[in-house]
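See structure below.
All values derive from a computational prediction rather than experimental measurement. What's counted below: heavy atoms across the whole structure, side chains too, no hydrogens, waters or symmetry copies.
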Amino acid sequence: YHAKQQGNRYLFFNDAMNHQAVKRLQIENLMRFGLKRDHFEVFYQPKMDIATGQLAGMEALVRFITPKKGLISPGQFIPIAEETGQIIEIGEVVLKKACRDVKRWRDAELFSGRVAVNLSAKQFALPDLTDRIDTLLQQYHLPASALELEITEGTVMDSPEQAIAIMHALVGKGIHLAMDDFGTGYSSLAYLKRFPLHTLKIDRAFIVDMVNERGKNMVDSIITIAQNLGLHVVAEGVEEAKQLQQLKQLGCETMQGYYYAKPLSAEQFEAFLLRERSKTQDQHHLSLVQ
Ligand code: C2E
Ligand code: MG
Ligand code: MG
Ligand code: MG
């Protein structure tokens with residue numbers, strides 16, 4: 001019995017492994033094909049100024065839309081794309097489409113802020129990263145001030161000294177840098193002080209945790225640290241009025257989350273910008289929270 005059970009376990013384990021490997025390979029192939037067939041789209045999620053209720057910016061989020069399997073979420077394909085290196089090509093597509101869309105919205109005077117694009121560790125490590133970004137900005141006739149890059153603690157903490165140099169090169173061009181998912185990685189406060197960042201994005205996990213006192217104190221402390229370092233603070237994953245109320249109380253400036261808007265297709269985002277513009281023209285500057 002024991003042996004058989006072991007045997008079964010072995011088989012089960014093996015099947016699960018095979019299943020995972022097959023799925024991985026499947027996604028890798030879908031991505032290769034999808035890159036050729038233009039199956040990667042960019043959606044945009046608004047970031048809102050909590051005090052004024054006005055649009056503060058937006059984040060570009062990749063969407064992989066396959067004809068056969070429909071939408072494959074970033075959580076499913078980004079880690080695999082990171083491993084295979086396909087993230088470099090996918091990231092390039094995202095940067096291009098984000099520049100193209102933002103150029104159109106700026107020309108139409110619908111938007112004058114920045115588009116934030118997530119940059120993977122592999123992209124960040126490219127020796128010609130700043131040249132690539134320069135080329136893109138020139139190609140789309142955009143100033144560097146139209147672009148913000150979101151990087152994670154993991155990206156910069158592998159070799160922080162080198163990362164600081166790369167960050168300075170980007171910031172020197174006029175690009176803004178945001179630390180994404182802050183608090184979930186392992187960056188030290190000593191480095192946080194030295195990173196030339198503009199923005200700190202508090203991870204959604206901390207926002208969810210504001211239901212209890214300790215969680216709320218935690219967010220309070222993060223906001224205080226950020227503000228003492230002269231950083232702008234964005235709360236990620238805000239889903240409830242209560243959270244927004246608490247964030248406003250704690251002095252958080254910007255929110256992003258389903259409570260206000262989900263990531264929108266370029267077409268939907270354009271409609272959103274048009275609505276925002278008529279709101280502004282009507283002089284109805286309402287705060288998101290009273
Ligand atoms: P992220 O950069 O932290 O992006 C925020 C994620 O939270 C997005 O998930 C967004 O849709 C989701 N989100 C926003 N508001 C809410 C909310 O109120 N509640 C909840 N539950 N979720 C919310 P998404 O689009 O699935 O992307 C997941 C992650 O995949 C991103 O996390 C980012 O790390 C990565 N990613 C997305 N697009 C790109 C890209 O173009 N390049 C790279 N390298 N990574 C990307
Ligand atoms: Mg992000
Ligand atoms: Mg994030
Ligand atoms: Mg996150």
Side-chain angles (χ1 to χ4, degrees), residues 1-45 59-98 116-129 132-133 149-160 162-163 166 178-187 201 203-206 208 236-237 258 262-266:
Y1 178 73
H2 188 70
K4 193 181 158 206
Q5 195 182 34
Q6 260 190 347
N8 281 342
R9 265 192 205 151
Y10 177 74
L11 275 178
F12 173 74
F13 183 58
N14 215 2
D15 276 353
M17 268 183 43
N18 275 334
H19 180 71
Q20 247 204 339
V22 167
K23 228 185 140 190
R24 237 194 71 112
L25 198 65
Q26 221 174 31
I27 290 180
E28 185 181 336
N29 287 334
L30 278 172
M31 288 192 287
R32 191 175 308 115
F33 187 70
L35 278 165
K36 286 200 196 105
R37 297 293 175 96
D38 196 26
H39 292 163
F40 292 92
E41 282 307 324
V42 181
F43 276 42
Y44 299 93
Q45 187 177 33
E59 178 173 9
L61 294 157
V62 69
R63 292 293 177 263
F64 184 21
I65 306 159
T66 66
K68 280 193 183 150
K69 299 203 176 280
L71 189 81
I72 302 175
S73 77
Q76 283 180 282
F77 73 85
I78 296 267
I80 300 170
E82 284 272 3
E83 277 184 63
T84 62
Q86 287 166 305
I87 191 68
I88 292 174
E89 214 179 320
I90 294 167
E92 198 85 4
V93 171
V94 174
L95 274 167
K96 269 193 189 146
K97 292 194 174 181
V117 178
N118 291 286
L119 200 71
S120 79
K122 281 248 165 73
Q123 284 175 288
F124 186 78
L126 286 170
D128 62 344
L129 174 68
R132 281 179 188 235
I133 288 173
L149 296 172
E150 295 191 2
I151 52 180
T152 61
E153 293 165 278
T155 296
V156 287
M157 286 310 292
D158 272 349
S159 51
Q162 206 179 324
I166 297 167
M179 181 66 86
D180 204 353
D181 305 341
F182 181 74
T184 60
Y186 59 104
S187 71
K201 298 187 78 177
D203 192 75
R204 176 174 170 264
F206 294 97
V208 170
E236 295 193 85
Y258 296 170
K262 287 198 170 185
L264 306 168
S265 70

Distance-only donor-acceptor pairs under 3.5 Å for side chains of residues 86-93, two or more places apart:
unit_1, atom_1, unit_2, atom_2, d
Gln86, OE1, Thr84, OG1, 2.8
Gln86, NE2, Glu28, O, 3.1
Glu92, OE1, Arg132, NH1, 3.2

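- For the residue pair Pro79 and Pro74, the shortest heavy atom distance occurs at CD-O, 3.5 Å.
- With sequence neighbours excluded, no residue satisfies ring pair (Phe, Tyr, Trp, His ring centres under 6.0 Å) with Phe182.
- When the side chain to side chain contact (heavy atoms under 4.5 Å, CB included) test is applied to Ala266, the partners found at least two apart in sequence or on another chain are Tyr44, Asp101, Arg104, Trp105.
- For the atom pair CD (Glu150) and CG (Leu119), the distance works out to 10.0 Å, reported to the nearest 0.5 Å.
- Residue Gln26 holds its CD atom at 8.5 Å from CD1 of Ile72, rounded to the nearest 0.5 Å.
- Listed by chain and residue number, Glu83 satisfy the side chain to side chain donor-acceptor pair (under 3.5 Å) test with Arg24 (two or more places apart in sequence, or in another chain).
- Residues Arg63 and Pro263 come closest through the heavy atom pair NH2-CG, 3.6 Å.
- Closest heavy-atom contact between Asp180 and Lys201: OD1-CD, 3.9 Å.
- Across every non-hydrogen atom of Thr155 and Ser120, the tightest pair is OG1-C, 4.4 Å.
- By the ring pair (Phe, Tyr, Trp, His ring centres under 6.0 Å) test, Phe206 pairs with no residue at all, sequence neighbours left out.
- Between Phe77 and Phe64, the ring planes lie perpendicular to each other; the angle is over 60°, past the 30° to 60° tilted range.
- Applying the salt bridge (Lys or Arg N to Asp or Glu O under 4.0 Å) rule to Glu41 yields the partners Lys97; only residues at least two apart in sequence or on another chain are considered.
- For the atom pair Lys122 NZ and Leu129 CG, the distance stands at 14.5 Å (nearest 0.5 Å).
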May I have the step-by-step check of side chain to side chain contact (heavy atoms under 4.5 Å, CB included) for Phe40 and Val94, ending in yes or no? CA-CA 8 Å; Phe40 292 92; Val94 174; 5.8 Å; no

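- Taking CG of Leu30 as the reference point, atom CG of Leu25 lies at 10.0 Å (rounded to 0.5 Å).
- In this view, Leu264 and Gln268, Phe269, Phe272 satisfy the side chain to side chain contact (heavy atoms under 4.5 Å, CB included) rule, not counting sequence neighbours.
- Separation of atoms CD (Glu59) and CG (Asn118) is listed at 4.5 Å; rounding is to 0.5 Å.
- Residues passing the side chain to side chain donor-acceptor pair (under 3.5 Å) test with Thr184, sequence neighbours excluded: none.
- Screening residues 68-80 for side chain to side chain donor-acceptor pair (under 3.5 Å), with sequence neighbours left out, gives no hits.
- Side-chain contact between Leu149 and Phe124 is absent, with no heavy atoms from C-beta onward closer than 4.5 Å.
- A search for side chain to side chain donor-acceptor pair (under 3.5 Å) contacts involving Thr66 returns nothing, not counting sequence neighbours.
- Under the salt bridge (Lys or Arg N to Asp or Glu O under 4.0 Å) criterion, Glu153 pairs with no residue at all, not counting sequence neighbours.
- Residues that satisfy the side chain to side chain contact (heavy atoms under 4.5 Å, CB included) test with Phe33, not counting sequence neighbours, are Arg37, His39.
- Between the CZ atom in Phe43 and the CG atom in Leu71 there is a gap of 7.0 Å [rounded to 0.5 Å].
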